[in-house]
Amino acid sequence: MSEYSFFGSVEKSFDKAAKFTNWDPGILEQIKQCNAVYRMHFPVKIGDNIEVIKAYRVQHSHHKLPCKGGIRFAMSVNLDEVMALAALMTYKCAIVNVPFAGAKGGITIDPKKYTPYELEKITRRYTSELIKKNFIGPGIDVPAPDYGTGEREMAWIVDTYVSMRPGEIDALGCVTGKPVTQGGVRGRREATGLGVFYGLREVCNMPDVMQRLGLSVGVKGKKVAVQGLGNVGYHSAKFFQEAGAIIVGLAEYEGAIWSNDGLDVDAVFNHRKKTGSILNFPGSQNFAKSTDALEMECDILIPAALENVINGENAPRVKAKIIGEAANGPLTPEADEVFASKGTLVVPDMYLNAGGVTVSYFEWLKNLSHVRYGRMEKRFTENQNRQMLEQIEEISGKKVSEKEREEIIHGPDEVDLVRSGLEETMISATREVMDCWKANPQIPDMRTAAYVVAINKVGTSYEELGIFP
Ligand code: GLU
């Protein structure tokens, strides 16, 4: 393990923000600590061998229940990382008003080294370990996808849970990010990327903030570079492109590509699928190192891969005016200091990438209510809209086109409601964090302001629970 401690860096950011709050040091200490850490080893038969698999689940806080947070499959998974990510989940949920406490899980494996059958065995065994220790359940702790996992793994988890808890009516709510056919919600897949877009769009719509950065108001025409074309990076880039931004750079493990005229995100995605590499995309310039993309000229830089990619060493060379942290922890505290002194706006991970957990919350609610969003009101709304439109047409003597008619009448589907709930959440959270920052000019950066908002909310929860009279 490297000397750098991710949890240490979260603690550092926490302490920096705690100075701007009035909580008792005991409450602050309780908020900061990880409440429960479960490290496990279990055997799985892989081919002719028995492999001992190392895995974790960390519940950072219990100020609300259930705990919530993704599960990562990667060789880099270690206790320090899982603790840090669990802590970030607590703060993230608090900022976006999602009533969960933070958790995170991980299995130290390279998922590419296993067949789907072997991965299924590992995932199911991990789930039964969590069940044995009461570390999973719709009212206890609800995992979700993270780096290296997706809908398929969540389907294995829910199936294992349901089969071991027969008759538990809310069992589907034991995990989120499931396929729609297994109790998932429409709109979860793109949620984190869309949340990143909504959050950054709100920042770009703030005239005072844009003026300070020397940028025009709005997303249209902004030059955007994205590092990582996984689920989060791909969707962030795609929503920016759809809103009229110019995607000038895209980066993956194998290198980066650049074009000042703009890259078509889907075309690049398909090119990578076909050739196995992002490089040599027609009309673009190649860069050998993925990290080169971080230092190119652009307005908004979105690191959407792993933690610690921008540090004290390369931060001075980053030219973007806004950094949108789509990944968890892509900047070290040293990088934060460089950007604060340069006047670069860092929009912090713990609220900017909260779109995933926000829509997970909607999925969990759907599972508990046992009804699809929109089912009860879609037709009712459409009938009302149709009647209203007919009245207006009759009074005005004018008729709208067939396309306009469809748009006006349309009652909400599940995905419409999920996206609208996400948009509301991200706009409100952005404003709340910005307002906190503006109210206290001593706060050095937006991350610290986000921590202050989070600490105040978690502190209030503890106070209201009466744990600290
Ligand atoms: N893994 C995602 C995150 O870090 C989603 C967590 C969730 O949906 O619970 O926010």
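Quick caveat, the model's predicted, so the values are computed rather than measured. Whatever order the structure lists ligands and atoms in, that order sets their numbers, starting from 1. Note that the numbering runs from 1 along the sequence shown for the chain.
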*Quick one: list whatever passes ring-ring contact (aromatic ring centres under 6.0 Å, His included) with Tyr114, sequence neighbours left out.*
none

_Arg201: which residues meet the side-chain hydrogen bond (donor to acceptor under 3.5 Å, both in side chains) condition with it, sequence neighbours left out?_
Glu423

*Answer whether the closest heavy-atom distance between the side chains of Cys93 and Val357 falls below 4.5 Å.*
yes

*Quickly, which of Asn456, Ile443, Thr448 forms a side chain to side chain contact (heavy atoms under 4.5 Å, CB included) with Cys436? Name it, please.*
Ile443

*Would you find more than 12 non-hydrogen atoms of other residues, nucleotides or ligands less than 6.0 Å from Lys319 atom NZ?*
yes

_I'd like the residue list for ligand 1, meaning every protein residue with a non-hydrogen atom under 4.0 Å from the ligand._
Lys68, Gly69, Gly70, Met89, Lys92, Lys104, Ala144, Pro145, Asp146, Arg188, Asn328, Gly356, Val357, Ser360

*salt bridge (Lys or Arg N to Asp or Glu O under 4.0 Å) with Lys366: which residues, sequence neighbours excluded?*
Glu414

